[in-house]
Protein chains: 2
Amino acid sequence: MPIEIRPSQALKLWHDVTLDLVRSDTPDLTARQITILLTVYLEPPPHTVRGLAEKLGVTKPAITRALDTMGHQGLVARRRDEKDRRNVIIQRTVDGALTVERIGDLIVARAKDLPR
Amino acid sequence: MPIEIRPSQALKLWHDVTLDLVRSDTPDLTARQITILLTVYLEPPPHTVRGLAEKLGVTKPAITRALDTMGHQGLVARRRDEKDRRNVIIQRTVDGALTVERIGDLIVARAKDLPR
DNA sequence: CTATTTCGTTTCGGAGCCGTTTTCATCCGC
DNA sequence: GCGGATGAAAACGGCTCCGAAACGAAATAG
């Protein structure tokens with residue numbers, strides 16, 4: 001059974017969750033950074049710069065820079081692929097997992113509060 | 001009856017919708033801009049710079065600049081409050097309403113595709 | 001062993017957003 | 001009227017992001 005939600009509810013949900021994220025003291029993640037974060041934590045590894053760039057439809061330097069920022073915030077880590085040392089594997093971190101978990105709980109809570 | 005959704009579904013929904021927004025040709029809106037857009041179109045008017053700044057927990061110049069950008073994209077319009085000419089009223093536009101509607105439909109569609 | 005391809009990063013100039021501070025117009029108490 | 005309070009915008013310096021292009025390291029083809 002899929003999730004049934006009306007457009008007005010969907011928009012209020014998006015509004016409420018985004019507002020919470022804006023008001024939180026953590027630095028705002030860009031849309032690209034959120035997509036990278038969720039991709040790395042939801043989809044099976046391995047994740048590479050090239051793969052993420054293709055998936056998001058942006059250039060590789062954009063991914064590299066996003067990973068710089070997110071790595072500095074402890075949300076992801078980078079490791080050389082020993083099989084093919086040209087590749088960089090993006091790895092999950094404890095802090096990143098906690099952040100993703102927090103976002104998931106936030107969405108669930110806001111969904112629960114929606115008017116029927 | 002509230003919307004029931006599990007954390008894993010919630011995160012996948014957020015990922016799918018954000019990815020669609022990143023991949024769309026329209027320029028990425030920041031989290032603040034999305035919050036402003038949805039606030040203006042979901043909550044009853046009037047909306048002022050000061051009111052939005054308080055709600056989002058950011059400074060007024062940040063709102064002014066976001067409105068500059070969004071106004072340039074045709075998503076909102078500004079009008080002087082004739083009752084108190086110090087105030088600026090943020091108004092909805094046809095393009096903004098279409099954008100909001102599109103986002104709502106996108107979320108609904110992505111929610112429908114979620115695995116149970 | 002050399003030439004080419006692939007992958008990620010760095011560099012570059014340009015653009016946008018940030019908070020603080022200052023400016024400007026308007027309103028209101030006196 | 002006039003002085004202070006208020007609302008928004010402008011000015012300012014700093015930071016981050018952008019895509020394009022150049023670069024270096026590593027793998028691969030011949």
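All chains are named by letter (A, B, ...) in the order of the sequence lines, taking the proteins before the strands, and each is independently numbered beginning at 1.
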Original post:
How does protein contact run along nucleotides 19-30 of chain D, one letter per nucleotide 5' to 3', with B for base contact, S for sugar-phosphate only, - for none, heavy atoms under 4.0 Å?
Top reply: BBB----BS---
Original post:
Counting only N and O atoms by type, is there a donor-acceptor contact under 3.5 Å from the side chain of B/Thr48 to the main-chain atoms of B/Ile89?
Top reply: no
Subject >> Check: A/Gln73 and A/Leu29 side chains under 4.5 Å, non-hydrogen atoms >> reply: yes
**OP:** Check whether any side-chain heavy atom of A/Arg92 lies under 4.5 Å from a side-chain heavy atom of A/Val40, and answer yes or no.
**Re:** yes
Original post:
Side chains of B/Thr39 and A/His15: is there a donor and an acceptor less than 3.5 Å apart?
Top reply: yes
**OP:** Side-chain contact test, heavy atoms from C-beta onward, threshold under 4.5 Å: evaluate it for B/Thr93 versus B/Tyr41 and give yes or no.
**Re:** yes
Subject >> Closest-nucleotide 5' rank along DNA chain D - winner of A/Ile63 and B/Val88 >> reply: B/Val88
Original post:
Looking only at atom types and distance, does a side-chain atom of B/Arg6 sit under 3.5 Å from a main-chain N or O of A/Val108, one as donor and one as acceptor?
Top reply: no
Subject >> DNA chain C: 5'-most and 3'-most nucleotides touching chain B, 4.0 angstrom heavy-atom criterion >> reply: C/dC17 to C/dC27
Original post:
Between A/Ile90 and A/Ile63, is any pair of side-chain heavy atoms under 4.5 Å apart?
Top reply: no
Original post:
What integer distance in Å separates A/His72:NE2 from D/dC17:P?
Top reply: 11 Å
Subject >> Atom-to-atom span, CZ of B/Arg50 to P of D/dA8 - whole angstrom >> reply: 8 Å
**OP:** For A/Met70 and D/dT16, give me the distance from atom CE to atom P, rounded to whole Å.
**Re:** 16 Å
**OP:** Please check the phosphate of D/dT16 (OP1 and OP2 only) for any side-chain N or O of A/Gln33 closer than 4.0 Å.
**Re:** no
Original post:
Please give, in whole Å, the distance from D/dC17 P to A/Leu29 CG?
Top reply: 10 Å
Original post:
Hey, is the main chain of A/Thr35 close enough, under 3.5 Å, to the side chain of B/Thr18 for a donor-acceptor pair?
Top reply: no
Original post:
Can you check the A/Leu67 CG to D/dT16 P distance for me, whole Å?
Top reply: 16 Å
